[in-house]
Asks: 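Quick one: the structure is below, and I'll ask about it shortly.
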Amino acid sequence: MINGKVINGEELKIFCGSANRELAEEIADYVEAPLSDCEVTRFSDGEISISIRESVRGANAFLIQPLCGPINDSILELLIIIDALKRASVNSVNAVIPYYAYARQDRKTRARDPITAKLIADLITAAGANRVVAMDLHAGQIQGFFNIPLDHLTALPILAKYFKEKNIENGVVVSPDLGGVTRARDLANRLVMPIAIIDKKRPAPNKAEIMNIIGDVKGKTAIFIDDMIDTAGTITLGAEALLEAGAHKVYACTTHPVFSGSALKRLSDSDLAEVVYTNSIPIDRGMLRGLNDCFTSLSVAPLIGEAIIRIQQKKSVSELFD
């Protein structure tokens, strides 16, 4: 039997599904607790089978599972493991979700649209989670979809530290749309830079058209910041527009490297000097072979690990970002 780590007089155990085991192992190393024994397999018909191979009675379980591809399998794994832990008499289940899928479906934009971000929140709560730890949600209001405590982490300090070390002079932080202005302003304040905004429209899902650039970018080094890069259409088109407007160089940074479809090749073939992302979603290193050497991954394991320790110690998590 694997014993968890005792903090504040209570046992802490770290579990993970199959979505991002490498990140879970890094977090467990930071917390100095072993990764608990949870086996995820499939029955012959494709149904998910979960086997927790150690006692969890009375422990506080932290389940690390980003909802990344295959997204629907990751969601079901999360729900089934939560159910298994609750039925095994765990004291609490803390769902640590570095990437929250379906977050872009957070409101009705047309008649009869679903609000799928709320549906996922309801499923996680109904499965028995006592707390959720999420990172850089696409929309802040998703926190209100949960009727259980939610700790919202941000990778901005990690991204800001990386760009500070580059000693960029005459820089500008660029938001890819009006909705990302708050995020861009936060990074700009940390880097002591002005901001600019891309005015775009979406004629269809996953398609973007650049309309205008709001702000001065001429002769400046631009840093794009977004919560996720999916198809990379907005970022690559935005980089072209910024360079045409006189920007000296363009970087892109994001928390969640969704990188769907041909996004990696599109980014590699673009005029971006560097694409910086975190390991909230695992990237198969084999997919980067043969591409331009412009991709940099930063780890969020210390941030999530410190949040787990603070939750176990019943200390403030928000102080991590002060």
Asks: So, does D216 use its side chain to make a donor-acceptor pair with the main chain of K218 at under 3.5 Å?
Replies: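 Looks like yes, one N/O pair under 3.5 Å.
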
Asks: Would you say the side-chain atoms of D151 pair up with the backbone N or O of A134, donor to acceptor, closer than 3.5 Å?
Replies: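 Side chain of D151 to backbone of A134, a donor-acceptor pair under 3.5 Å: no, none is there.
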
Asks: Got L119 and F145 here, is their nearest side-chain heavy-atom distance under 4.5 Å?
Replies: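 Result no, sub-4.5 Å side-chain heavy-atom pair not found.
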
Asks: Keeping N8 on the side-chain end and E10 on the backbone end, is there a donor-acceptor pair under 3.5 Å?
Replies: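 No; judged by distance alone, with no hydrogens or angles, the pair does not exist.
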
Asks: So does D73 pair up with R42, basic N to acidic O under 4.0 Å?
Replies: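 Salt bridge: yes.
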
Asks: Answer yes or no: is there a side-chain heavy-atom contact under 4.5 Å between R21 and E26?
Replies: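 No, too far: nothing below the 4.5 Å cut-off.
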
Asks: Between the side chain of S74 and the main-chain N/O of P70, is any donor-acceptor distance below 3.5 Å?
Replies: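 Judged by distance alone, yes, a pair lies under 3.5 Å.
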
Asks: Are any non-hydrogen side-chain atoms of F224 and S175 less than 4.5 angstrom apart?
Replies: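 Contact flag for F224/S175 side chains = no.
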
Asks: With distance as the sole criterion, is a donor-acceptor pair present between the side chains of S280 and H256 under 3.5 Å?
Replies: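 Distance-only check passes for S280 and H256.
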
Asks: Check step by step if side-chain contact (heavy atoms from CB on, under 4.5 Å) holds for T255 and Y277.
Replies: CA-CA 5 Å; T255 300; Y277 55 88; over 6 Å; no

Asks: Any donor-acceptor pair under 3.5 Å linking the side chain of N94 with the backbone of A61?
Replies: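 A pair under 3.5 Å: yes.
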
Asks: Scan residues 151-181 for pairs that pass ring-ring contact (aromatic ring centres under 6.0 Å, His included), counting only residues two or more places apart or in two chains.
Replies: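 Counting only pairs at least two positions apart or across chains, the ring-ring contact (aromatic ring centres under 6.0 Å, His included) contacts touching residues 151-181 are F163-Y251.
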
Asks: Tell me whether S270 contacts the main-chain N or O of L267 through its side chain, where contact means a donor paired with an acceptor under 3.5 Å.
Replies: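 At least one qualifying donor-acceptor pair exists.
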
Asks: Counting C-beta onward and ignoring hydrogens, is there a side-chain heavy-atom pair between D230 and F259 closer than 4.5 Å?
Replies: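 SC-SC contact between D230 and F259 ruled out.
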
Asks: A side-chain contact here means heavy atoms from C-beta on lying under 4.5 Å apart; do V317 and L153 qualify?
Replies: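 The answer is yes, as the side chains (C-beta and beyond) meet within the 4.5 Å cut-off.
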
Asks: Is the shortest heavy-atom distance from the side chain of I50 to the side chain of C38 under 4.5 Å?
Replies: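 Side-chain contact under 4.5 Å: yes.
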
Asks: Please identify each residue that fulfils ring-ring contact (aromatic ring centres under 6.0 Å, His included) with F15, with sequence neighbours left out.
Replies: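 If we apply the ring-ring contact (aromatic ring centres under 6.0 Å, His included) test to F15, skipping adjacent residues, there are no hits.
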
Asks: Do the side chains of V300 and I158 get nearer than 4.5 Å, heavy atoms only?
Replies: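 A side-chain contact under 4.5 Å exists here.
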
